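Residue indices begin at 1 and follow the sequence shown. Every value quoted in this text rests on a predicted model; they were computed, and no experiment measured them.
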Amino acid sequence: MENEEDMGNEEDMENEEDIGNEEDMENEEDMGNEEDMENEEDMENEEDMENEEDMENEEDSDSRETITSKKTAQRIRDHYTLQAIADLLRDNKWSIQKFLQTWVSADAVDSNNTVLVIEHHPRWKTSSRRQKVLKKALRSSELLQFCPSTDQCSRIKSELDCLSSTFYFGKFDYGLDLDSIDFSQAFTTMESTAPFFFTLLHEIMRNPRFSWKSYSGTQRSADLYKRIYMVISLVCFSRNKKSSNFLSSVLDIYLIGSGCKRRVLESLSGLGVCHSYSQANRSMRHLAENARCAIATFAQNPKAYVAYDNFNFKNHVRDEYLGHKSSMVNLTTAVVMLCPEIPSNGLTQSMHNPSIKLDIRDVFNSSAIYGKDDGVGSAITRGLIVDAIKRLHSTSVLELQQIDTHACKTEFYQLGSIPENEGTIEGTIRVHDRIWLEHFNIQASENPDDDFSTRLWLLHGDQLTTHHIRRVQTERFYEQRPYDQRKWLMAVPAWFHIQLNLMKTIVRTHWGPIDQRKVAPHTLEADIRTLGRSFSSRDNILYHQIQPLLAQSFTSRVVALFYSAIETRGYLPEAALFKEWRENVQNWDDLISKCRLCAFTEEAWSGNNTDIDPAFTTQCRFLQEIEWFLTIQHAVKSGDIGLLRRAVDLLIPIFYGAGQTNYGQEMIYYRWLLSPANTPELQHAILASGLVNWQGKAYHNKPVDLGLEHLNGACKIEMSSYKNSTHDIDIIFDRVCLTNTWIRKLRNQVESLFGEVITGAHTVASTQQDIFTLLRKIQSENFSMPRAVNIWKSQNIWISENILTAGMDVLDEKIALFNKQYVYANNSIVMGYSSLEEAIDTTIALDSLEETQDSIMDPTITVVDNAI
């Protein structure tokens with residue numbers, strides 16, 4: 001009976017919606033049933049009676065009776081129609097299933113292969129048309145409740161249960177290796193494990209034009225897979241928040257690690273995208289604990305080395321109470337890394353012989369000072385000249401071949417917060433205890449054969465860090481335990497702070513004359529006035545302000561020399577000739593060589609010829625000092641440790657000649673580390689470990705101390721986003737530092753697949769107009785080339801100091817003093833000293849160490865201070 005009712009209702013709906021009021025005629029023509037005729041006559045009689053009744057009485061009571069009688073008549077007709085159809089199915093021995101299968105699929109074919117159609121019924125003529133009719137009927141609200149959806153829901157639930165046991169849809173593991181994560185594998189998993197649900201979502205969520213031939217949706221198809229993964233993950237997370245929380249936990253850590261505000265996290269949590277803010281904090285604590293355990297294992301690698309630096313700032317407290325007020329905070333942040341250039345069995349203390357003195361002849365005879373370098377120096381200068389010209393005329397010279405360099409991604413872990421001040425001797429000792437005894441979990445024993453008796457650790461830091469380490473080693477030379485003697489530790493000056501102080505040297509020597517009446521066109525002060533820059537004092541300059549100014553000053557003067565060389569050769573007036581010469585490499589080389597010989601030689605630097613314009617001599621010294629800075633900057637970025645090795649010798653007289661005595665002594669110490677006092681393997685490891693490459697890309701190297709400063713930037717983001725009276729700096733620094741490595745990897749994984757590709761490079765505004773402005777001013781005043789004697793003799797010209805000569809004059813004395821202070825004898829603490837007190841470095845008072853200079857010159861530290 002249920003099958004008969006379904007059939008009757010289906011037939012009735014089709015007749016009413018598609019063919020109107022043709023039911024009686026179809027029954028009469030197809031079935032030839034006289035009963036239908038009788039029904040039609042009865043209906044006509046009833047209609048006549050109803051019309052008579054309506055005309056006689058239009059009251060509401062009569063209308064209700066009429067409606068009731070109509071419904072009764074319709075039910076009677078439905079019953080007779082259903083009975084007729086049921087009898088027809090019985091006579092033909094058809095079930096409802098057989099009828100529906102034939103309805104949607106059958107097309108009869110006669111002996112001539114001609115498809116037979118249902119005549120007199122155009123909408124039911126072929127199987128495709130009948131399928132459309134059936135689909136339309138099944139979508140009606142009356143029949144939708146009888147559709148077999150229960151089986152489909154059970155199938156989807158079963159697929160979701162299977163997905164919850166897979167990696168990308170299951171429970172999040174805080175100890176997972178991010179390098180093994182490949183989110184594209186999640187697409188394969190959901191397509192193979194939940195095919196029905198995946199197909200359903202794919203059909204629903206794809207663009208309606210997807211099937212069109214003109215639709216080009218390859219990239220959009222990949223985006224659709226990402227959205228399906230998000231939807232399925234949300235459904236799994238909604239069904240089971242504990243055992244199916246992979247993506248939601250990943251988003252928790254990604255958002256809170258990127259400084260997302262608490263209110264945003266709570267809003268997304270309400271939408272079911274991620275967990276709440278409190279749960280996200282618990283996830284961060286789990287990550288921090290796992291990282292703390294992983295660091296101890298990571299440090300056991302023989303290729304591991306360390307860098308640390310101070311992190312000082314003012315901790316402002318809004319609501320003060322007893323024991324809780326604003327104060328200065330002195331912390332230390334550290335990072336442990338792996339250097340692939342360190343031998344696989346590690347570095348040993350036997351590689352270092354502290355009894356070998358530094359020979360001054362090694363410094364004097366070096367390629368950077370003596371000049372016999374097989375053309376390396378001239379090639380460096382030529383490359384910088386060509387690069388300067390290309391800044392303004394990128395198509396006017398042939399492209400230089402860029403050397404392919406092998407980039408190796410640096411593996412590292414940032415250590416947890418170290419609440420010690422490494423700016424003091426006592427604080428330095430406690431920092432070592434925190435790092436090696438607590439974080440690395442290395443046991444310091446009385447046994448002379450323990451871990452600290454053979455292994456040699458490299459530690460990179462600024463001048464204050466390396467000086468304090470050497471001071472501790474001197475004071476603890478006669479300690480009993482190998483750990484306390486600190487022979488296992490070798491401090492290495494870090495290159496970013498060396499660059500900062502080289503920049504400070506340029507500021508000291510070429511800021512401008514004290515006597516403002518002197519003519520000084522080649523100074524930073526003159527360029528600042530010409531370009532209208534905001535900083536006007538040498539005492540408050542910042543790295544991000546002075547570094548681009550140096551590059552622009554260098555470019556404008558080099559291009560001015562290049563124009564002068566072209567004009568001297570007679571090529572500048574003829575535009576056609578200039579275009580033809582662009583293709584001639586030999587002639588371009590001649591012009592570039594003329595620029596180099598004019599301003600980048602020892603003769604140009606010295607200015608010993610009394611007939612040479614002092615302003616031009618100042619320009620040559622200005623250009624060559626910037627050349628040193630740009631050379632080190634290029635060597636660091638490209639990872640060329642050979643250029644860095646070459647620069648060490650030259651920096652010694654430069655710093656001493658400019659009055660930078662602290663870093664002058666630091667470079668002597670660095671040169672000693674690269675002398676026969678260390679084996680070639682150790683020398684190579686010292687240079688190679690000074691650079692890191694977080695991204696593993698060519699020309700993305702940076703000094704290890706700058707890399708640490710960038711990692712500290714995450715602490716600044718955390719403090720600006722979440723710091724309050726309970727979420728204080730102790731929690732922030734400890735948690736952020738420990739999770740920094742993990743979050744950086746996770747961020748790369750998430751953004752590389754789901755986000756927009758962002759290079760991370762700083763967007764720099766074009767400064768070509770500024771360079772041309774400065775260039776035009778120099779040329780219009782005839783300061784690009786040496787002027788005639790009768791012209792400059794009448795002017796009060798300022799000439800910069802010859803720092804190379806001044807530095808070379810004191811080099812012998814400074815190296816001899818270093819050998820007395822730091823070169824150990826076999827049976828006494830220091831060569832030339834008879835007591836411990838006499839051995840301690842008395843030439844440098846601790847108060848005079850320029851710790852504050854880092855904060856002045858270092859942009860990362862300055863930004864943090866201002867932000868807090």
Residues forming a side-chain hydrogen bond (donor to acceptor under 3.5 Å, both in side chains) with Glu666, sequence neighbours excluded: Thr466, Arg470
Any side-chain donor near an acceptor of the partner, Thr465 and Asp462, under 3.5 Å: yes
Those residues that, when tested against Thr410, pass side chain to side chain contact (heavy atoms under 4.5 Å, CB included) (two or more places apart): Met337, Val692, Asn693, Trp694
Minimal non-hydrogen separation, Leu708 against Asp309, with atom names: CD2-N, 3.7 Å
Qualifying salt bridge (charged side-chain N to carboxylate O under 4.0 Å, His left out) pairs, either residue in residues 623-638, two or more places apart: none
Steps toward side-chain contact (heavy atoms from CB on, under 4.5 Å) verdict (Tyr656, Glu813): CA-CA 11 Å; Tyr656 275 120; Glu813 174 189 352; over 6 Å; no
Check: Ala658 main-chain N/O paired with Arg508 side-chain donor or acceptor under 3.5 Å: yes
Under 3.5 Å side-chain donor-acceptor pair for Gln463 and His497: no
Whether Phe452 and Trp488 hold their rings parallel, tilted or perpendicular, with breakpoints at 30° and 60°: tilted
Ring pair (Phe, Tyr, Trp, His ring centres under 6.0 Å) contacts touching residues 344-391 (sequence neighbours left out): His352-Trp672
Main-chain N/O of Trp798 paired to Thr618 side chain as donor or acceptor, under 3.5 Å: yes
Residues that Asp359 engages under salt bridge (charged side-chain N to carboxylate O under 4.0 Å, His left out), provided they are two or more places apart: Arg361
Tyr670 and Tyr663 aromatic centres sub-6.0 Å: no
Whether Gln473 side chain and Gln485 backbone form a donor-acceptor pair below 3.5 Å: no
Test item: Glu422 side-chain N/O and Asn310 main-chain N/O as donor-acceptor pair under 3.5 Å: yes
Short side-chain donor-acceptor distance under 3.5 Å, Asn353 and Ser355: yes
Pairs involving residues 550-561, ordered by first then second residue, that meet side chain to side chain donor-acceptor pair (under 3.5 Å) (sequence neighbours left out): His522-Arg557, Asp527-Ser553, Asp527-Arg557, Arg533-Gln552
Side chain to side chain contact (heavy atoms under 4.5 Å, CB included) partners for Thr454, two or more places apart: none
Test item: side-chain donor near acceptor, His432 and Tyr308, under 3.5 Å: yes
Side chain to side chain donor-acceptor pair (under 3.5 Å) contacts touching residues 641-652 (sequence neighbours left out): Asp373-Arg646, Arg645-Asp649, Asp649-Arg671
Set of residues satisfying side chain to side chain contact (heavy atoms under 4.5 Å, CB included) with respect to Glu411, sequence neighbours excluded: Phe298, Leu338
Any residue meeting side chain to side chain contact (heavy atoms under 4.5 Å, CB included) with Ala685, in chain and number order, not counting sequence neighbours: Ile342, Leu347, Leu458
Lys/Arg cation over aromatic Phe477: Lys487, 6.0 Å, 45° cone: yes
side-chain hydrogen bond (donor to acceptor under 3.5 Å, both in side chains) against Lys594, all qualifying residues, sequence neighbours excluded: none
List the atom pairs, with distances to 0.1 Å, where a side-chain N or O of residues 799-807 and a protein N or O form a donor-acceptor pair under 3.5 Å, not counting sequence neighbours.
| from | atom 1 | to | atom 2 | distance (Å) |
| --- | --- | --- | --- | --- |
| Ser800 | OG | His510 | NE2 | 3.0 |
| Asn802 | OD1 | Trp605 | NE1 | 2.7 |
| Asn802 | OD1 | Leu804 | N | 3.4 |
| Asn802 | OD1 | Thr805 | N | 3.2 |
| Asn802 | OD1 | Thr805 | OG1 | 3.2 |
| Asn802 | ND2 | Thr805 | OG1 | 2.8 |

